[in-house]
Amino acid sequence: MISYRLRGLVNLHAAVTMAVAGSLFITYVNSMRFIPFIDVSPDVNISVYFLCVLGGMIASIRVLNAYGPRFHRLTWVDAARITTRQVISIGLFIFAVMFALKDRSLSRLFVGSYLCFCWALLLFFNQGLPRLLSRMAFHRTHKLPTLFIGSSTQRVRLRTWLAKNEALGIQPVGFLSETSEDSRIEGEFPFLGSTQNLRDVVREKSVAQVVLLELPESLTQIRGIIEICQDSGCRVLIYNNLGDQLQHPLIPISEEGHHFYTLQEEPLEDPLNRILKRIYDIAVSLPVVLFILPGLCVWVWFMQRLQAPGRLFFTQARVGQRGRPFSIYKFRSMYDASYNPDAEAQQASKGDKRIYAFGSFLRRSSLDEFPQFINVLKGEMSIVGPRPHLAVHDEEFARLTKSYRTRFFVKPGITGLAQTRGFRGEIVDQQLLHNRVHFDLQYVTSWSVWLDVQITIKTLKQVIFSPPSAY
């Protein structure tokens, strides 16, 4: 019910704003004779470019849909983002047609000034119109008097949801509960008795919607509630509190008519997304390996000869995607003689005596990680992803942090969201580990190409301006 109201609100808004953009275009064309420094040639086929304006607005409807449940509560920042996308879409349509028709008669100054005026006008409409439309569309006769059935605990959880959806016509009339303690709890809407009073309450309060905050213990009881609602012409919403019971958010998915819940989104399970990420990895790592790494190797080798002779690279077994081991490459930053296979699980600490002077600079600037671009080209790592750890550390961290191994759903990275948020280097306490894993899991569930670009840029800044945790 709510989703249909939101969808209708978006479509109404799209229709109005499309009419606004089109009307502005016609009005602006007709007012050209009053503006001496902008001219529209009589040879210009105005109707074609008018259709471009409409086409650009239609193409940008998906931008409106992206705001989903909060579309009727857009901020000025949200409105500015939507408006910018709409104006860019209109501009692309117009310039594409100009290029295709080789039309030089349409003034670029006219197009540019129209797009500027259009942006200013649409900004106000995008910010204020959704609220106005919701008040007009869901006025008194379209209110939804809503009755809640369940405990006060679940009712409190929905308080924010109610406040946000009041503009869509949700009007609480009270709640029913089988728990006697709930009758003594004061809230924003009254206690109306137990579910035995349901039929009378629905009739007396003209209830149009019943929300089950939790499933009753017996199927007979819930079937009785649904039967009463259907007999009374009430809509029924069943609140899914399974996530509360499991203490983990759930993601609903549908597969060929079967409905399931999963624990997290996985955008990188989309083959196209994996291809895009791989293209990004190669586009970044290949120039580094061909043009930057060779010169860096010569410089590091020379400094190692002066301060700590030994191997140029340090290789170590790490755990990658799906728990598969691989050998990670790094510039050696410790004295070669200090390496002890029995103590390789020991994390480097601040002031570690095993690190030579130039090695400290390599670690602080993250230059010691550059050989991992070879791992990226080999497909063992990605530019961005959770940092890989030793198997012994993975075992230890998995015991200390829930969902730790969810990190293995994606390839490990040279850098990651956690590192750009300041959580890098030695893990000295459990809270630091929790924070790092939290951002790693956030990356797994919210990946996008733009997020990879943002993390890469922030990492470049950290190479130049080393954070305190880099040692």
Side-chain angles (χ1 to χ4, degrees), residues 7 9-68 70-133 272-273 276 279-280 283 448-454 456-457:
R7 192 181 309 163
L9 190 63
V10 169
N11 291 335
L12 277 173
H13 180 88
V16 173
T17 51
M18 183 165 61
V20 167
S23 300
L24 176 63
F25 183 82
I26 297 299
T27 303
Y28 198 45
V29 168
N30 292 330
S31 64
M32 284 300 99
R33 61 179 180 271
F34 304 111
I35 305 176
F37 52 87
I38 302 179
D39 185 30
V40 177
S41 170
D43 298 331
V44 175
N45 191 339
I46 293 298
S47 59
V48 171
Y49 293 105
F50 175 74
L51 292 177
C52 287
V53 172
L54 301 186
M57 292 298 293
I58 292 172
S60 62
I61 291 178
R62 61 186 183 86
V63 178
L64 303 178
N65 290 320
Y67 285 85
R70 64 189 185 93
F71 180 75
H72 58 293
R73 297 177 284 107
L74 295 178
T75 64
W76 282 105
V77 174
D78 296 330
R81 289 173 178 168
I82 291 173
T83 304
T84 301
R85 297 282 187 88
Q86 290 172 328
V87 170
I88 289 175
S89 183
I90 292 172
L92 289 175
F93 268 71
I94 291 176
F95 287 116
V97 170
M98 289 174 65
F99 178 78
L101 299 179
K102 298 181 180 179
D103 188 356
R104 297 183 179 181
S105 57
L106 182 63
S107 168
R108 273 60 171 173
L109 183 58
F110 166 80
V111 175
S113 57
Y114 165 74
L115 293 177
C116 290
F117 287 129
C118 189
W119 189 93
L121 186 61
L122 286 178
L123 176 64
F124 286 96
F125 273 86
N126 284 325
Q127 202 283 324
L129 186 60
R131 290 178 175 82
L132 178 62
L133 288 176
L272 179 59
N273 287 344
L276 291 174
I279 291 173
Y280 179 76
S448 68
V449 173
W450 175 236
L451 180 59
D452 274 6
V453 172
Q454 287 179 302
T456 304
I457 293 172

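Count residues from 1 along the sequence.
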Would you call [X] and [Y] a side-chain contact if the rule is heavy atoms closer than 4.5 Å?
X: Cys118; Y: Tyr28; value: no
X: Leu123; Y: Trp76; value: yes
X: Val29; Y: Phe110; value: yes
X: Leu122; Y: Met57; value: yes
X: Val63; Y: Gln86; value: no

Please name the pair of heavy atoms, one in [X] and one in [Y], separated by the smallest distance, quoted to 0.1 Å.
X: Leu54; Y: Met18; result: CD2-CG, 3.6 Å
X: Pro130; Y: Leu9; result: O-CD1, 3.9 Å
X: His13; Y: Leu129; result: ND1-CD2, 3.4 Å
X: Ile94; Y: Cys52; result: CG1-CB, 3.9 Å
X: Leu74; Y: Asn126; result: CD1-O, 3.4 Å

Rounded to the nearest 0.5 Å, how far apart are [atom1] of [X] and [atom2] of [Y]?
X: Asn65; Y: Ser60; atom1: CG; atom2: OG; value: 10.5 Å
X: Ile82; Y: Ile61; atom1: CD1; atom2: CD1; value: 12.0 Å
X: Ile46; Y: Leu51; atom1: CD1; atom2: CG; value: 11.5 Å
X: Phe125; Y: Thr83; atom1: CZ; atom2: OG1; value: 11.0 Å
X: Leu12; Y: Leu132; atom1: CG; atom2: CG; value: 11.0 Å

Starting from the C-alpha separation in whole Å, work towards a yes-or-no answer on side chain to side chain contact (heavy atoms under 4.5 Å, CB included) for Val111 and Tyr49.
-> CA-CA 10 Å; Val111 175; Tyr49 293 105; over 6 Å; no
Report, as yes or no, whether the 6.0 Å neighbourhood of atom CZ on Arg62 holds more than 12 heavy atoms from other residues, nucleotides or ligands.
->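 Counting other residues, nucleotides and ligands, CZ of Arg62 stays at 12 neighbours or fewer.
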Is the count of non-hydrogen atoms from other residues, nucleotides or ligands lying under 6.0 Å from Phe117 atom CZ greater than 12?
-> no
Could you check whether the rings of Phe50 and Phe25 sit parallel, tilted or perpendicular, using 30° and 60° as the cut-offs?
-> tilted
For the pair Asp452 (side chain) and Val449 (backbone), establish whether a donor and an acceptor sit closer than 3.5 Å, ignoring hydrogens and angles.
->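 Checked: no pair found.
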Going by distance alone, is a donor N or O of one side chain under 3.5 Å from an acceptor N or O of the other, for Thr27 and Asn30?
->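 Looking only at side-chain atoms, Asn30 and Thr27 do not form any donor-acceptor pair under 3.5 Å.
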Are the ring centres of Trp119 and Phe124 closer than 6.0 Å?
->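 Ring-ring flag for Trp119/Phe124: false, centres at least 6.0 Å apart.
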